[in-house]
Amino acid sequence: MAKKMALGIDIGSVTTKVVFVDEDDEVLEGLYLRTKGNPIITIKQGMVEAYETLRKKYGEFEVIAVGTTGSGRQLAGVVVGADMIKNEISAHAYAAIREVPDVSTIFEIGGQDSKIIFIRNGAVVDFAMNTVCAAGTGSFLDHQAERIGISIEDFGDYALRSENPVRIAGRCTVFAESDMIHKQQMGATSEDIIAGLSESLVRNYLNNLARGKELLPTFVFQGGVSENIGIVRAFERAVGHEVIVPKNNKIMGAWGVAMLAKREIELTGRSTNFKGFKITELRHDTRVFYCDGCANNCEVYEVIENGETIAYWGDRCGRWSNRLTSKVNTHRNEGYSSVNSVIPANHAKDDAR
Amino acid sequence: MKIGVPRGLYFYVYYPMWYGFFKSLGHDVVLSVPTNKDILNLGVSNAVDDICISVKVYHGHVKYLLDKRNVDYVFVPRVVSEDKYRYTCPKLAAMPDLIKSAFNKDSERILSVNMYMNQGKKPLLDAFGKIGEKLGASVKSVKKAVKEAMGYQEKAVKCLRKGHNFAEIVKNIRNLDKLFDEPVKERRYNVALAGFPYDIYDGYMNGDVIKHLEEANVRVVITDMLNPKLYKHYTKYMIKDLFWHQANVAAKGGMYYMDSKDIDGVITVSSFNCGIGAIYEKLLDLYSKETNKPLMHIVVDEQTGDAGLVTRIEAFIDLIRVKRGDGLVAS
Ligand code: SF4
Ligand code: SF4
């Protein structure tokens with residue numbers, strides 16, 4: 001019998017995560033990809049890559065549920081055919097609770113945003129998100145790594161070797177940078193500077209998101225930045241307690257939403273909306289236009305599959321989303337982007353279902 | 001004559017009264033359209049730089065009406081106080097001055113008067129008397145108009161107390177009795193919004209919080225629906241009442257909702273750059289620690305409706321669902 005799997009996709013602005021889980025919710029395949037400006041191509045590439053690996057390992061398999069999350073969850077949802085489209089707070093929390101049932105505080109730091117989630121008795125009780133300030137996110141580190149000329153992968157080791165982390169005033173990336181240059185000129189070692197940067201990131205993060213909130217163990221740290229052992233240690237120093245980096249730490253959102261989609265299908269008894277691996281072959285175009293129907297001038301998003309519109313959103317009144325076949329004239333030239341199929345043709349017949 | 005009423009600030013509290021007054025004197029009331037991108041841009045480009053978004057948006061509404069040649073006057077009252085010793089934000093108290101300096105050329109079309117609310121009939125008669133005089137109305141007809149104005153406001157307040165929100169009142173201004181008789185729609189969850197009416201009811205500014213919540217089967221109640229008697233005693237949690245009336249409504253009304261069993265969570269809506277907003281948010285933060293009621297703050301700025309806001313609203317609803325035992329799946 002074909003193995004049954006659920007698919008979870010987490011599209012952020014910097015990275016996209018694609019996860020396949022088995023019937024026991026264990027991750028069979030998890031990919032962490034750079035979104036590189038084009039989310040649809042990234043999803044398709046991820047699906048093809050995962051498909052080949054899974055085919056080799058398990059032969060025939062069947063996708064029984066699909067979930068999407070992240071800032072591009074809606075887009076991914078219509079392209080792939082999702083059973084569940086879930087906000088990233090709930091998706092991340094769900095995976096963390098599954099992995100560390102007594103978790104009380106989740107630190108999540110991704111490339112472009114960060115969040116903190118407070119859990120009591122296995123349920124989210126509070127959360128905060130930062131999407132505007134780079135000082136508490138991964139891009140802060142990326143940026144500084146580039147400046148010092150050390151690859152971001154080596155950052156953690158450098159930080160651990162430091163004996164005297166310098167204090168870097170890092171309330172914002174601009175200040176942090178000038179302060180860092182200053183410390184370099186004063187003769188601080190790269191190790192000490194990197195350790196200082198790690199502490200500065202953690203300080204920023206906690207100041208931004210945890211102000212006035214009670215930080216209780218058990219602590220879990222996830223998201224791309226949790227790979228960095230220097231930051232993990234900086235968190236441990238800041239909270240004075242062990243901080244757990246769970247397995248699947250980089251793909252928690254996608255994992256969480258894969259599991260949630262599976263629950264949804266189990267509970268409702270519906271069959272999945274998944275359109276199959278054939279979507280990797282279809283042509284998808286997206287465009288953004290300004291509706292001139294009224295003074296709101298909504299920025300409307302349109303997704304076109306093989307020449308046919310499959311979704312609209314962003315219209316405040318429902319003028320577009322309510323009637324998918326409308327022929328109203330719009331400014332076609334605005335932000336038009338074309339997504340051609342990136343997938344070799346022979347995958348169509350491989351549609352696993 | 002045509003009297004323009006900008007859809008902003010105290011419109012969301014006293015519109016019924018103003019409507020009733022002008023109507024009774026035989027004038028037409030022209031409302032500006034609900035906030036949209038043009039109004040926001042008009043406001044941002046005409047208001048002073050470092051002021052709150054609520055006041056900027058108001059500038060946009062005024063400009064919209066001034067640009068309508070057939071509108072004779074635009075009504076920009078100066079609401080000084082809303083009770084004895086309960087004043088308004090300094091920016092609100094300066095509103096006619098700000099508006100006149102922003103739209104210098106049109107300043108003679110700005111109809112302005114000082115208003116002292118909820119302190120009996122006398123101050124109202126004085127204020128409306130001045131407006132009536134300017135519009136050429138007789139003393140007798142002004143008296144009658146004030147009576148009608150108060151009647152409208154009373155009916156509106158009755159509707160609010162019953163649980164109809166102010167947006168419904170605006171829509172049904174001609175038919176408040178009928179609105180009052182209509183049942184209030186029950187839904188699976190109940191969420192309270194705490195804040196200034198002009199931030200809460202302006203869906204364009206706040207990313208349509210009310211709509212998002214209602215679509216998720218949430219009944220939305222708002223601090224302006226509460227009879228102030230209900231939350232009077234919460235003063236003791238704030239040492240003393242705040243100077244600014246609406247901040248008391250938001251803070252104490254919010255606390256009252258936090259203690260209400262049938263309320264699943266409280267969301268504050270406030271304006272970026274508003275100092276007093278930061279104070280009642282903090283007061284509610286402290287109080288939420290005692291009640292364990294889910295609380296979230298939405299701070300409105302010029303980038304409306306961003307994806308992050310929708311994510312937070314969805315996550316807040318999830319949190320409530322789980323708390324009620326409904327889980328995250330199978331909605
Ligand atoms: S989508 Fe609707 S609300 Fe938006 S501009 Fe068009 S007509 Fe207006
Ligand atoms: S109270 Fe706040 S939002 Fe209202 S006018 Fe004053 S500063 Fe603006």
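Letters go in sequence order (proteins before strands), and every chain restarts at 1. Computed over heavy atoms, backbone and side chain alike; hydrogens, waters and symmetry mates excluded.
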Side chain to side chain, B/Asn36 and A/Arg316, heavy atoms closer than 4.5 Å: no
Region of B/Lys211 in contact with chain A, defined by heavy-atom distances below 4.5 Å: side chain
Part of B/Ile320 within contact of chain A (heavy atom distance under 4.5 Å): neither
Leading residue by heavy atom contact count with chain B [cutoff under 4.5 Å; candidates A/Lys86, A/Gln74, A/Met84, A/Lys213]: A/Lys86
Value rounded to 0.5 Å, distance of NZ in B/Lys323 from CZ in A/Arg120: 12.0 Å
Most contacts with chain B, counted as non-hydrogen pairs under 4.5 angstrom, among A/Thr268, A/Ile117, A/Asn297, A/Ile265: A/Asn297
A/Asn87/B/Asp318 under side chain to side chain contact (heavy atoms under 4.5 Å, CB included): CA gap, chis, key distance, verdict: CA-CA 9 Å; A/Asn87 66 81; B/Asp318 277 351; 2.9 Å; yes
Side chain / backbone / both / neither for A/Leu267 at chain B, heavy atoms under 4.5 Å: side chain
Note, B/Val329 side chain near A/Glu266 side chain (heavy atom, < 4.5 Å): no
Toward chain A: residues of residues 264-293 of chain B with heavy atoms under 4.5 Å: B/Lys289
B/Asp262 atom CG, over 12 foreign heavy atoms within 6.0 Å: yes
Heavy-atom contact with chain B under 4.5 Å, split by part of A/Val125: backbone
Minimal non-hydrogen separation, A/Ser90 against B/Ala315, with atom names: OG-CA, 4.2 Å
Rounded distance (nearest 0.5 Å) linking atom CZ of A/Phe118 with atom CG of B/Leu319: 12.0 Å
